[in-house]
A.B. asks: 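So that we are looking at the same thing, I have put the structure below in C-alpha cells.
Treat the numbers as computed from the prediction; the structure is a model and nothing was measured. When a ligand or atom number is given, it counts from 1 through the structure's own listing order. Side chains are part of it too, since the values below use all heavy atoms of this structure and drop only hydrogens, waters and symmetry mates.
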Amino acid sequence: MDSGTIFPLILINVFVHLLLPVEGTDYYGRFPSNFMWGLATSAHQIEGAWNASGKSEHIWDRFCHAGKCWKGDTGDVACDSFHKYMVDVQLLKKIGVTHYRFSLAWTRIIPNPLTGKVNQEGLNYYRQLIDELQRNNIIPLVTIFHWDLPQSLEDIGSWANDSLVGYYNHYADVVFKAYGDKVKHWITFNEPWVICWMGYGTGEYAPGIKEPATRPYKCAHTIIKSHAEAYHTYNDKYRNTQKGQVGITMNSDFMAPKDPHNKSHIEAATRAQQFNLGWFAHPIFKSGDYPDVMKNYVAKNSPQGTSRLPNFTAQEIARNNGSADFLGLNHYTTSLVEPLRRNDNVHVTGGYIDDQENILSHDPAWPGSGSTWLFVVPWGFRNLLNWIRTEYGNPQVIVTENGVTDNNGTVQDKHRVDYYRAYITEMLKAINEDKCNVTGYTAWSLMDNFEWSNGYHEKFGIHYINFSDPELKRVPKDSAIFFQKLITENGFPDPTQNNAAVCSQKIFISLVLIFLVYFLG
Ligand code: GAL
C-alpha cells in the first residue's frame, strides 16, 4: 500500500476508535450551580470531652455509662473533636465542601435547663468552630438538637412533659441570638422518629424506655410543638435581621409495596410512609395535624372512644402548619410493605408498629451493609424524593444524611463509593428529570464516629479513625477522594462529551500531521 492509501485508513481508524461510546454508560449531569455540598456529624458522636468546660450529663452519657452500648463503648472521648475541631475543618476544606452540618450540645450551652443559665465556655466552643469554618469559607448548617437530651429534663419526664416545649424554646432562642449572625440554616430537631420510637418505644436507644403504646406518640407531640414554637421565635425575633432559614430533619425509608400490582400492598405502603415520614411532615408541611390514615388506625387499635394519638388544639394546628423553610431528609434505605393478615404469625411489639397493620421486609437480593437495617436500594431514594414532591407540594429539601456502613473501616471502601455514586445519581435524576426541589446534600459522615448503641463498631465515615490509638488520626478513605471529585465537578459530567472534545483535538493534530507529511515530507 502506498502512503496515499495508508493515511486515509489511519484517519478512519482514529475516528472510529475515538468516537466509540464509553463503556458502562450511566446517567450523567451536573447539579444546580448553587447546590450545597457538605458532610455531617453530631455533637455526641464526635466531640468527646463529655464532662469538660461545664458540660452536664445527658441521656446518652447515662445510657452508655450504664453499659448499654456496644461492648461498653461510650462517647466520652469519641473523635475528640472538642479539641481537634481545627483538624476537622481542614479535612472539610480538603474535600472542598461548601457546607458543614454539625450539632450543638444543649448540655454545653445550658447545663441546667431548669435554671436556664447559659454556660459561656460552652457557647464559646461553638463560636470558635463557626469562626474557624468561616475563615475556611465553609458555611455552617446547624442542628440544634441531635438526641442528647439533658438528663435533668429526662428526670422530669422528658418529652412526655409538656414543659419541655418551653425549655427547648429558651435553648433555641439562646442559640439563634448567639450564632444567628453567621448561621443561616437551622435544623431544630434531628430525626424525631428515632428519638421517640427507639428511645421510648423499643428502648434500643437512650433513655431505653420500652412503652411502645403511648410514649412515642406523646414524645412526637411535644417535639412537634417544640419545633413550631422555636420556628415562631425565630420569625418573631430574628428573621428580619438575621435572614436565615429554619427547618427540621426527618428520617425516612422509602416504603415500597411488596407487590406493586396489588392494591392492598400499595395502600399498606402509603400507610407506612404516613406513619413514618407523615407523622412529622404532615403537621409541619401539610395541614398542621397528623395524617388522617394515622389518626384512623391509631384510634381503631385503641380502646373504644379514645385514641393513643394525642390531639392538637386548633391553635396548635395553626402554629404547626407551615412552620419550616425546608425539609431536612435523612435517607439510607428502603422497605417492602404488605398488609398484616389476621392470621399472620408476627412478633407483636404493641402500639406504634401494630397500629399500622403492616409487615415490613426487604428483598433478599438487595445488598446489605455493616448494619442489619441498611440495604442498598438506590432507586428508593428517587421515589422518596418524588413522594415528598407530590405529597407536600415540592418543598425545599436538604438531604441532611445519607451513607452506608461497614464494620472494618477499610480505607479502600469501594462499596461506599458505589453506594454514594448510585444514590447521588438517583438524587440527580430527581432534580433534573423530576424537578424535585432539592437544594443540598450532606453525607453521613465526615469520619467514623460513635454510632450510638452500636458504639464504634458500625462505621459510616469517609475518613478512618483507629479508636485504639490515642492520636485519633483521621485517614481519608477512597470515598473521601470520590467526594472531592464529585464536589469539584458538581456532579457526574458525561465522559462521552469530554471524549468528543478530546477527539476533536486529536483529529485536528492528526490532520496537521498528515498535511505536514504530504506536503513537506
Ligand atoms: C441517623 C442519625 C445519625 C447517624 C446515622 C447512621 O439516624 O441521625 O446520628 O447515627 O443515623 O446510623
A.B. asks: Tell me, which protein residue and heavy-atom name are nearest atom 9 (O) of ligand 1, and how many Å apart are they?
C.D. replies: Q45 OE1, 2.7 Å
A.B. asks: Within a distance under 4.0 Å of any heavy atom of W147, pick out the atoms of ligand 1 and give their elements.
C.D. replies: 2 (C), 7 (O), 8 (O)
A.B. asks: In the protein, what heavy atom is nearest to atom 3 (C) of ligand 1, and what distance, to one decimal place, separates them?
C.D. replies: E401 OE1, 3.4 Å
A.B. asks: So which protein heavy atom does atom 10 (O) of ligand 1 come closest to, and at what separation?
C.D. replies: E451 OE1, 2.7 Å
A.B. asks: So, 4.0 Å and heavy atoms of N190: is ligand 1 close enough to count as a contact?
C.D. replies: yes
A.B. asks: Run the salt-bridge test on K414 and D418 with the 4.0 Å N-O cut-off and return the result as yes or no.
C.D. replies: yes
A.B. asks: After noting the C-alpha distance and the side-chain angles of Y332 and F460, does the key distance pass the ring pair (Phe, Tyr, Trp, His ring centres under 6.0 Å) rule?
C.D. replies: CA-CA 11 Å; Y332 291 89; F460 277 95; 5.6 Å; yes
A.B. asks: Looking only at the aromatic ring of each residue, does the gap between the centers of Y456 and F450 stay below 6.0 angstrom?
C.D. replies: yes
A.B. asks: Hey, is E458 touching ligand 1 through its side chain, its backbone, both or neither, going by heavy atoms under 4.0 Å?
C.D. replies: neither
A.B. asks: Indicate, as side chain, backbone, both or neither, the part of T405 found under 4.0 angstrom from ligand 1 when only non-hydrogen atoms are considered.
C.D. replies: neither
A.B. asks: Should we count NZ of K258 as having more than 12 external heavy atoms under 6.0 Å?
C.D. replies: no
A.B. asks: Answer yes or no for R421 and F482: cation-pi contact, defined as NZ/CZ to six-membered ring centre under 6.0 Å and angle to ring axis within 45°.
C.D. replies: no
A.B. asks: Should W147 and W452 be marked as a ring pair (Phe, Tyr, Trp, His ring centres under 6.0 Å) after you check the CA-CA gap, both sets of side-chain angles, and the distance that decides it?
C.D. replies: CA-CA 10 Å; W147 304 359; W452 308 109; 4.4 Å; yes
A.B. asks: Find all atoms of ligand 1 within a distance of less than 4.0 Å from any non-hydrogen atom belonging to W452, and give their numbers and elements.
C.D. replies: 3 (C), 4 (C), 9 (O), 10 (O)
A.B. asks: Given W60, which partner from the list Y205, W106, W50 fulfils the ring-ring contact (aromatic ring centres under 6.0 Å, His included) test?
C.D. replies: Y205
A.B. asks: Counting only heavy atoms closer than 4.0 Å, does ligand 1 sit against the backbone of W373, its side chain, both, or neither?
C.D. replies: side chain
A.B. asks: Check N190, T143, T249 against T400 for a side chain to side chain contact (heavy atoms under 4.5 Å, CB included) and give me the one that passes.
C.D. replies: T249
A.B. asks: I'd like to check which ligand 1 atoms, numbered from 1 as shown, lie under 4.0 Å from a non-hydrogen atom of H146.
C.D. replies: 2 (C), 3 (C), 8 (O), 9 (O)
A.B. asks: Any idea which protein heavy atom is nearest atom 7 (O) of ligand 1, and the distance to it?
C.D. replies: E191 OE1, 2.4 Å
